[in-house]
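Since the structure comes first, as structure tokens, the remarks are kept for the end.
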Protein chains: 2
Amino acid sequence: MTVDTRWLDQEQKAAWVRLAAVLELLPGALDSQLRRDAQLTHFDYFVLAMLSEAPNRTLRMTALAELTTATLARLSHVVTRLETRGLIERFPCPEDKRATNARLTDAGWAKVREAAPGHVETVRETVIDALTPEQVAQLTEILDAVLHRLDPTRARAAVYERYD
Amino acid sequence: MTVDTRWLDQEQKAAWVRLAAVLELLPGALDSQLRRDAQLTHFDYFVLAMLSEAPNRTLRMTALAELTTATLARLSHVVTRLETRGLIERFPCPEDKRATNARLTDAGWAKVREAAPGHVETVRETVIDALTPEQVAQLTEILDAVLHRLDPTRARAAVYERYD
DNA sequence: ATGCGATAGTTGTAGCAACAACCAAACAGC
DNA sequence: GCTGTTTGGTTGTTGCTACAACTATCGCAT
């Protein structure tokens, strides 16, 4: 019954244990900074950021869901909350009456502008400034390989290939 | 009022965007495999794994909390659930009447043995096997640098320094 | 001995995420 | 021009996490 498992060797285990630790700690660090300074979760922030870079600061829910790697259900809940807070507005898509557009309001735009510097600073402090330029390049390649496994359809490709 | 922000350059942004994507996708991938195949969250699994490697398969709640980077409150809830399922048992610590010990039951031990191969296989598929040996070594160094920022007190050091 | 701050852990509650069920508009086939 | 299917989105439920309040014990200084 037991399938012969290829266990991890010492070096692989070293990398994995550290990755697991980062996976546990980093999201919390990002989240708590944004929550404290901008009353936003990291996911909230990312949603607003994607909208802020879109033409007319508007995207269809489906497009926004792909950009943020979220299910439509999750996105819908999040957008509902952000809409209540006046940061986003929803309106029916004229071209396709099934569809809904989400647009960043002026207040939402202001919120992104206000939150960005602190967020970037946190990213620097926790990750970027800890690495040499060579390591930053290595990290990019490594993560690309991993993403290729995680996201074979490259649904998110559009987002991060803008930054090549 | 505006503090002069050091924005990320192209290469830094490339690394960061990819890291954000991995942070979003990888935990879900790990979680859903374990949930599907062993009815365990990744955190559940890690708790059981830490206990399974401890002397007598027993640890004080505080020690277990440190090993898993969890708050005591979070751990308490998780252990309550695992206890209900018969995978862990709690008993008062004889030396310190404030303290509680958590011990892995035989059923819990069996669960870990059963879940481990599938989990390792997922780790291989999504991360390790996507990388060259050089990249694995690079990743370890990179993550060490990040962890140093993230966890300056090295609370988790004990866990991952076992794998040097 | 006793009074007080620190330590160890539990519990209640509120908020967010995953999953599934659901409805409506659009499209494809005949 | 009906009918069945796919697409786009919302809503309800359940489970887990964070936060805060609370109890009990310990250690130590007086």
Side-chain angles (χ1 to χ4, degrees), chain A residues 23-36 39-48 58-85 88-103 155, chain B residues 23-36 38-48 58-85 87-103 155:
Chain A
L23 249 32
E24 187 73 32
L25 294 173
L26 190 47
L30 296 172
D31 250 40
S32 57
Q33 180 270 324
L34 278 170
R35 219 180 257 281
R36 176 167 42 83
Q39 295 72 247
L40 249 32
T41 65
H42 184 249
F43 185 78
D44 290 340
Y45 175 81
F46 201 76
V47 167
L48 298 182
T58 301
L59 285 171
R60 283 174 51 165
M61 292 294 283
T62 302
L64 189 51
E66 273 181 10
L67 289 175
T68 58
T69 353
T71 61
L72 226 29
R74 179 182 178 192
L75 182 64
S76 181
H77 284 297
V78 170
V79 168
T80 299
R81 291 190 290 262
L82 293 174
E83 194 174 23
T84 306
R85 295 169 59 184
I88 285 181
E89 53 190 358
R90 262 192 279 221
F91 61 98
C93 176
E95 292 91 12
D96 185 338
K97 287 183 187 167
R98 294 171 301 181
T100 305
N101 285 336
R103 178 167 46 209
Chain B
L23 250 32
E24 188 74 31
L25 293 172
L26 189 48
L30 297 172
D31 248 43
S32 57
Q33 179 270 325
L34 279 169
R35 222 179 253 279
R36 175 168 42 82
Q39 294 74 245
L40 250 30
T41 65
H42 184 251
F43 186 77
D44 290 340
Y45 175 82
F46 201 76
V47 167
L48 298 182
T58 301
L59 284 171
R60 284 175 46 166
M61 293 291 284
T62 302
L64 190 51
E66 272 181 11
L67 289 175
T68 57
T69 350
T71 61
L72 226 28
R74 178 183 178 190
L75 181 63
S76 181
H77 284 296
V78 170
V79 168
T80 299
R81 291 190 291 263
L82 294 173
E83 195 174 22
T84 305
R85 295 169 60 184
L87 303 177
I88 286 183
E89 53 190 358
R90 262 191 279 218
F91 62 97
C93 176
E95 292 92 13
D96 185 337
K97 288 182 186 165
R98 292 170 302 181
T100 305
N101 285 335
R103 179 166 47 210

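Proteins come first, then strands; the chains are lettered A, B, ... in the order of their sequence lines, and each starts at number 1.
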Using atom [atom1] of [X] as one end and atom [atom2] of [N] as the other, report the distance to the nearest whole Å.
| X | N | atom1 | atom2 | result |
| --- | --- | --- | --- | --- |
| B/R85 | D/dG15 | CZ | P | 12 Å |
| B/L34 | C/dA18 | CG | P | 16 Å |
| B/H42 | D/dC16 | NE2 | C1' | 16 Å |
| A/M61 | D/dT11 | CE | P | 10 Å |
| A/L72 | C/dC22 | CG | C1' | 14 Å |
| A/R90 | D/dG8 | CZ | P | 16 Å |
| A/Y45 | C/dC16 | OH | P | 19 Å |

_side-chain hydrogen bond (donor to acceptor under 3.5 Å, both in side chains) partners of B/R85, counting only residues at least two apart_ =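 Scan of B/R85 (side-chain hydrogen bond (donor to acceptor under 3.5 Å, both in side chains), adjacent residues dropped) gives none.
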
*Residues that A/R74 engages under salt bridge (Lys or Arg N to Asp or Glu O under 4.0 Å), provided they are two or more places apart*: B/E24

_According to ring pair (Phe, Tyr, Trp, His ring centres under 6.0 Å), who are the partners of A/Y45, at least two apart in sequence or on a separate chain?_
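A/Y45 satisfies ring pair (Phe, Tyr, Trp, His ring centres under 6.0 Å) with A/H119 once adjacent residues are dropped.
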
*Indicate for each nucleotide in nucleotides 17-26 of chain D, in 5' to 3' sequence, whether protein heavy atoms under 4.0 Å reach the base (B), only the sugar-phosphate (S), or nothing (-).*
BBBB----BS

_With B/T100 via side chain to side chain contact (heavy atoms under 4.5 Å, CB included) - residues at least two apart_ = B/M61, B/R90

Quiz: residues 25-35 of chain A side-chain donor-acceptor pairs under 3.5 angstrom, not counting sequence neighbours:
| unit_1 | atom_1 | unit_2 | atom_2 | d |
| --- | --- | --- | --- | --- |
| A/D31 | OD1 | A/H42 | N | 3.0 |
| A/S32 | OG | A/G28 | O | 3.0 |
| A/S32 | OG | A/A29 | O | 3.3 |
| A/Q33 | OE1 | A/T122 | OG1 | 3.4 |
| A/Q33 | NE2 | A/D37 | OD2 | 3.1 |

*Looking at every strand, decide which applies to B/S76 at a 4.0 Å heavy-atom threshold: base, sugar-phosphate, or nothing.*
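Base contact - B/S76 has a heavy atom under 4.0 Å of at least one base atom.
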
*asked:* Nearest 0.5 Å, please: how far is CG in B/L82 from OG1 in B/T41?
replied: 7.5 Å

